[in-house]
Amino acid sequence: MDWKGRDVISVRDFSKEDIEFLLKVAERLEKELEEKGSLDYAGGKILATLFFEPSTRTRMSFESAMHRLGGSVIGFSSAATTSVRKGESLADTVRTVEQYSDVIVIRHPMEGAARLAAEMVEVPIINAGDGSNQHPTQTLLDLYTIKRAFGRIDGLKIGLLGDLKYGRTVHSLAEALAFYDVGLYLISPRLLRMPRHIIEELHERGVEIHETTDLEGTIPELDLLYVTRIQRERFPDEEEYLKVKGSYQVNRRTLEKATEKLKIMHPLPRVDEIHPEVDRSGHALYFRQVFSGVPVRMALLGLTLRVL
Ligand code: NCD
């Protein structure tokens, strides 16, 4: 069980024990931060954030986490102002940034980009999303949020709603939930079903799966509903997107049959899939989820940098 110096590319690279250990460290850091305001574990260390795709929460919570650990941050939030515009390769970009930093967080539209980057450099690479493939750090903060809200993950009935085809957050989350004893409800339009290879893997790992298009019929069963945005930018064809646009929404009416304790999560940003009227209900957990990004990413940075 060792995060020290490791790359964080896919949830598949980690064991349940690794994950549980990281969540414990995050909890400890959250408490320490509450007591002391800011910490100094990463003094003198530099994080580089390379974002080739838009981001608000992932990039800023990594930056906030590094600052709260006492370290500093360099990077870019758009490749448009970097030498990538002049035709520089990803390999050369990361080899360059490695000379300036101790850990690199990368988000890129190409599946496998973070893995490729990790093969090029010695410093730890953390995948902040590679195309439709994986988003492991979002999953860690999702698990942390679930644990804090329910006190456990085992025994929960969890619905994943929306774009299960292109949504990298739900790909990583489903694979991580397979470590636990959960019932998984995959709720999506037919065009946006979870990829077969992930369903097969979940079956092989003994997860109880229900695939459905029926949101309202499924809601009464659930302890947790994880909502996702339709990933418009991933559709090869705008026509295909228009077929599913606006095909589901969680609002006061959809929640009429929910149990009182149902919690709703969303990695954000949302477009129209959760009506703002839900924000004021006791179901909404998505802003608490945003908060979890900081302690979890502090743990990730502190451990991979070997300063914790
Ligand atoms: C997600 C992402 O980038 O995959 N956002 C995030 O990191 N919180 C979800 C999305 O963009 O829909």
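Atoms within a ligand are numbered from 1 in the order they appear, just like the ligands themselves. In this chain, residues are counted from 1 in sequence order.
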Worksheet item: Nearest heavy atom to atom 3 (O) of ligand 1: which of Arg168, Arg59, His135 does it belong to?
Response: Arg168
Worksheet item: For Arg229 and ligand 1, does the shortest N/O to N/O distance drop below 3.5 Å?
Response: yes
Worksheet item: Hey, is ligand 1 close enough to Gln231 that some N/O pair sits below 3.5 Å?
Response: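 There is such a contact, yes.
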Fill in: Atoms in ligand 1 with a heavy atom of Leu268 nearer than 4.0 Å
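Checking each atom against Leu268, I get 1 (C), 5 (N), 6 (C), 8 (N), 9 (C).
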Practice prompt. Mark up the atoms of ligand 1 that fall under 4.0 Å of a heavy atom belonging to Thr58, in ascending order.
Written response: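 That gives atoms 6 (C), 7 (O) of ligand 1.
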Worksheet item: Can you find a side-chain donor-acceptor pair between His283 and Glu260 that sits under 3.5 Å?
Response: no
Worksheet item: Regarding Tyr144 and Glu27, is there a side-chain donor-to-acceptor distance under 3.5 Å anywhere?
Response: no
Discussion item. Looking at ligand 1, would Pro269 count as a contact under a 4.0 Å heavy-atom criterion?
Written reply: yes
Fill in: Residue-ligand contact Glu53/ligand 1, heavy atom below 4.0 Å
no
Worksheet item: side-chain contact (heavy atoms from CB on, under 4.5 Å) between Asn251 and Glu277: does it pass, once the steps are laid out?
Response: CA-CA 7 Å; Asn251 51 38; Glu277 68 194 10; 3.3 Å; yes
Worksheet entry | Leu255 versus Leu262, closest heavy-atom pair with distance |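 Leu255 and Leu262 have their closest heavy atoms at CD2-CD2, 3.7 Å.
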Fill in: Atom pair CZ (Arg168) and CG (Asn127), whose distance is rounded to the nearest 0.5 Å
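Atom-to-atom, Arg168:CZ and Asn127:CG are 8.0 Å apart.
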Discussion item. Ring-plane angle category for Tyr185 and His210, please: parallel below 30°, perpendicular beyond 60°, tilted otherwise.
Written reply: parallel
